[in-house]
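Following: one structure in structure tokens, then a few remarks.
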There are 2 protein chains.
Amino acid sequence: MGITKTEPFDADLVKRANILKALGHPARLAIIQHLLEQETCICGDLVIKLPLAQATISQHLRELKQVGIIQGTVSGTSVCYCLNREIFKELREFFKDSAKQIKKKKC
Amino acid sequence: MGITKTEPFDADLVKRANILKALGHPARLAIIQHLLEQETCICGDLVIKLPLAQATISQHLRELKQVGIIQGTVSGTSVCYCLNREIFKELREFFKDSAKQIKKKKC
DNA sequence: ATCATTTATCGTAATATTGCATCAAAGCAA
DNA sequence: TTGCTTTGATGCAATATTACGATAAATGAT
């Protein structure tokens, strides 16, 4: 099929799955890494840094933007991208709670 | 193409991307949620709980196992699954560091 | 040995993703 | 205006993913 069943699941769960899915790609994770180091960047910076075509990078940026991980602001001919702090805070909480909840190997 | 370029990226980055990708699906996240609540489970438990066919759930379990998120131990005719604490600790650290590093909205 | 139970695997159909070349749009400079 | 720069949109081709029925394999019970 290729289509993911989402209706039977909680909306929050689906949202978090979409965020994690967006992060689950080497190029997109590299973009995050770059933004963590540089705070902001434009598409052109990434075209220089990553071994991918401009169209491909633009596409990855769109996916990150779609789930709210990054934000883009038009600035002249270029677009300034930066990370959304809230999303990372939510994920930090999720994994903090999860790690705390897992006691030890049970099997 | 459909094929993901991985060679140009750091091996650790690719590994983390694969883990996040595995978590980036509603059904697999629901499996994680179940395991956080119950500590262990067998495939049959999930077949009852989730609105997916047994073959589909088994496939998702394999993907989670492949990246080390869960572990399965044969126990009679069934297989006992549980979470890998280390993976969650690593992700907790990653998102803790990331959240700390993001100062404020820059654009 | 036979049967039931449980899980994994195979095959396959439908859909999604990835990467790119190409082109369109929008702002800036002269 | 004309050009240049930057980014986003479109349209492919190749591959990956998702879901499931059917079947196989392995264990335990009778």
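Just the heavy atoms: all of them, side chains too, but no hydrogens, waters or symmetry mates, feed the values below. Per chain, numbering begins at 1; letters A, B, ... match sequence-line order.
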* **Under-4.0 Å side-chain N/O to phosphate OP1/OP2 contact, Tyr81(B) with dA8(C)** => yes
* Asked: Just checking, is any N or O donor in the side chain of His34(A) or Lys49(A) under 3.5 Å from an acceptor N or O on the other one?
  -> yes
* Structure fact -> Whole-Å distance, Leu61(B) CG to dT7(C) C1', equals 10 Å
* Indicate yes or no for a side-chain donor-acceptor contact from Arg85(B) to the backbone of Lys103(A) under 3.5 Å, with no hydrogens or angles considered. => yes
* Should Ser58(B) be listed as having a side-chain N or O under 4.0 Å from OP1 or OP2 of dA8(C)? -> yes
* Structure fact -> To the nearest angstrom, the CD1-C1' distance between Ile57(B) and dT7(C) comes to 12 Å
* To do: For dG8(D), take OP1 and OP2 only and decide whether either is under 4.0 Å from a side-chain N or O of Arg62(A).
  => no
* Return yes if some donor-acceptor pair links the side-chain N/O of Asp45(B) with the main-chain N/O of Ile42(B) below 3.5 Å, else return no. => yes
* Starting at the 5' end of nucleotides 15-22 of chain D, put B wherever the base has a protein heavy atom under 4.0 Å, S where only the sugar-phosphate does, and a dash everywhere else. => BSBBBBBB
* Check the distance between dT18(C)'s C1' and Leu64(A)'s CG and give it to me in whole angstrom. => 14 Å
* Expressed in angstrom and rounded to an integer, what is the separation of Leu29(A) atom CG from dT18(C) atom P? -> 13 Å
* Structure fact -> Contacts of Glu86(B) meeting side-chain contact (heavy atoms from CB on, under 4.5 Å) (sequence neighbours excluded), chain-then-number -> Asn84(B), Lys89(B)
* Asked: Where do Ile69(B) and Ala22(B) come nearest, in terms of heavy atoms and distance?
  -> CD1-CB, 3.9 Å
* To do: Consider only side-chain heavy atoms of I, L, V, M, F, W and Y, link residues closer than 4.5 Å, and tell whether Leu36(B) and Phe95(A) are in one cluster.
  => yes
